[in-house]
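Worksheet: one structure, shown below.
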Amino acid sequence: MNITKTQVDALNAIVTVAITKEDYSDKVEKVLADYRKNAAISGFRKGAVPMSLIQKQYGKAVLLEEVNKVLQTSLNNYLTTEKLDILGNPLPKVTDSIDWDAENFSFDFELGLAPQFSVDLTAKNNVTKFNVIADDKMLNDQVERIQKQYGKLISQAEVKADFEVRGTFTNEEKGINAPANFGLDIFADKKAAKAFIGKKVGDVVTIGTKGLFDDDHKLMDYLKVGHDDVHGLDINVDFTIEEINEIEKAELNQELFDKLFGPGVVSSVEEIKAKIKEDAEAQFAQQADQKFLNDVTDFLIETTKFDLPEAFLKRWIQNVGETPLTAEQAEEEYAKAEKGLRFQLIEGKVMADNNLQITFEDLKAHTAELIKKQMAQFGQLNPSEEEIDGIVARVMSNQDEVKRLSEQVMSEKMLGLYKEKVKTKTKEVNYEQFIKEMYGE
């Protein structure tokens, strides 16, 4: 056997695998001998069928199968030994039909090679790292929400300005059917709020969505419409009133404090606000980190320039599935996949350059931490190490879960690296401002 590589250009190569009779003949003979032992052909005793008959009936199929096994094994070993960094898989080069009556065979495979490039994490960029704070307005709103949540509902006959209504927003054309419960102070459009005054259970209030809220993103929460639909949305929606309630707010006393946080944990409104601020800003930090990671990734994709073996990849996409695609379909699929492929190559380069690796201990510790958080949500605050280890072992026996968790661990490592090496400006914002920044508005 002889394997050679012809370099077409920096991103494309042809590998030729030349197979001789010596590479496959012993294997073919062994398989045919096994066939002969078990063949049941009329007129012959089992095991006594002439080899010429076995050869005539099964020889060609066995030859094809064994040559293909030798071919695939040899090609895979060659790629591994030569440490060729390829994209996709080797693509058999279309040739004239193979003469299977010959003793020696030659097969050509096209290779798409990964490009050589560098990633400069210290390059000047326009990425901003956000520090999201829970401001006084948010804290006061949250305290009031708690008072309402733990307050007393008093059913009323008709709507007044400080009452809450429960019902359903509908718009048949847009497919809106969204249950909601709110006070009239949610509306920036005072005419909309006024339209509810005096209405009773069963009444339908029609309001316009344009300018309804101080932030169009709230349409996503109350009407359950997608982000792409909320901007400039100018339709009428009907709200059918199903319940009207006056809320007698809960008193801010020790009984409420103990109910919220446990006996004696907090003893004043200021301490409640401090707890809310701590919890909220921990969540905001996670969201800000994810945005930072996404923004750095987008920056690197945009600024790290390299070519891809585009023509090869399109041919590979066209032929990789069970049903071949048309050239036009392959073009569309490549356009969808190109950014993701560039990201994978850049991420791999960053990982290699900075020796980022995932160890078993990393994965185990990450999984254990997730499990502890999940158990805490259900009131299990002090699980034993033995219990945690048992759950970790079960989770890590699932390969799909291991893959998902590995991606999370690597994202954390990439985030830590970016924070260390990517020089950015930091901007302090409240949550509403952050949401606008996140959506680029």
Answer yes if the side chains of [X] and [Y] hold a donor-acceptor pair under 3.5 Å, and no otherwise.
{"X": "Asp9", "Y": "Gln7", "value": "no"}
{"X": "Thr20", "Y": "Glu22", "value": "yes"}
{"X": "Thr16", "Y": "Asp108", "value": "yes"}
{"X": "Glu164", "Y": "Asn181", "value": "yes"}
{"X": "Glu242", "Y": "Thr168", "value": "yes"}
{"X": "Asn294", "Y": "Thr297", "value": "no"}

Expected output: side-chain [X] to main-chain [Y] donor-acceptor under 3.5 Å:
{"X": "Glu281", "Y": "Ala134", "value": "yes"}
{"X": "Tyr222", "Y": "Phe182", "value": "no"}
{"X": "Asn77", "Y": "Thr73", "value": "yes"}
{"X": "Lys224", "Y": "Asp221", "value": "yes"}
{"X": "Thr240", "Y": "Val204", "value": "no"}
{"X": "Glu103", "Y": "Lys21", "value": "no"}
{"X": "Asn140", "Y": "Asp136", "value": "yes"}
{"X": "Ser74", "Y": "Leu71", "value": "no"}
{"X": "Asn319", "Y": "Arg315", "value": "yes"}
{"X": "Asn125", "Y": "Lys423", "value": "yes"}

Just one of Lys129, Lys427, Lys291 clears the salt bridge (charged side-chain N to carboxylate O under 4.0 Å, His left out) bar with Glu437, so which one? Lys427
What is the ring orientation for [X] with [Y], classed by angle as parallel under 30°, tilted 30 to 60°, or perpendicular over 60°?
{"X": "Tyr431", "Y": "Phe434", "result": "tilted"}
{"X": "Tyr35", "Y": "Tyr58", "result": "perpendicular"}
{"X": "Phe105", "Y": "Trp100", "result": "tilted"}

Check: Phe130 ring centroid to Phe284 ring centroid under 6.0 Å: no
Within the supplied structure, the quantity of interest is the number of heavy atoms (other residues, nucleotides, ligands) at a distance under 6.0 Å from Asp99 CG; does it exceed 12? yes
Residues two or more places apart in sequence or in another chain: which of them pass salt bridge (charged side-chain N to carboxylate O under 4.0 Å, His left out) with Glu412? none
Which heavy-atom pair separates [X] from [Y] by the least distance, and what is that distance?
{"X": "Ala102", "Y": "Tyr24", "result": "O-OH, 4.1 Å"}
{"X": "Phe117", "Y": "Leu345", "result": "CZ-O, 3.5 Å"}
{"X": "Ile358", "Y": "Ser406", "result": "CD1-O, 3.2 Å"}
{"X": "Ala188", "Y": "Asp214", "result": "CB-N, 3.4 Å"}
{"X": "Pro383", "Y": "Ile388", "result": "CG-CD1, 3.8 Å"}
{"X": "Leu184", "Y": "Ala193", "result": "CD1-O, 3.7 Å"}

Can you confirm whether Met138 sits close enough to Glu432 that some side-chain heavy atom of one is under 4.5 Å from a side-chain heavy atom of the other? no
So does Glu66 pair up with Lys69, basic N to acidic O under 4.0 Å? yes
So how far is it from [X] [atom1] to [Y] [atom2], rounded to the nearest 0.5 Å?
{"X": "Lys60", "Y": "Asp101", "atom1": "NZ", "atom2": "CG", "result": "4.5 Å"}
{"X": "Leu139", "Y": "Lys275", "atom1": "CG", "atom2": "NZ", "result": "14.0 Å"}
{"X": "His366", "Y": "Met410", "atom1": "NE2", "atom2": "CE", "result": "12.0 Å"}

With a cut-off of 3.5 Å and sequence neighbours excluded, list every side-chain donor-acceptor pair involving residues 300-314.
residue: Thr303; atom: OG1; partner: Phe299; partner atom: O; Å: 2.8
residue: Thr304; atom: OG1; partner: Leu300; partner atom: O; Å: 2.8
residue: Lys305; atom: NZ; partner: Glu302; partner atom: O; Å: 2.8
residue: Glu310; atom: OE2; partner: Lys314; partner atom: NZ; Å: 2.8
residue: Lys314; atom: NZ; partner: Glu331; partner atom: OE1; Å: 3.3
residue: Lys314; atom: NZ; partner: Glu331; partner atom: OE2; Å: 2.7

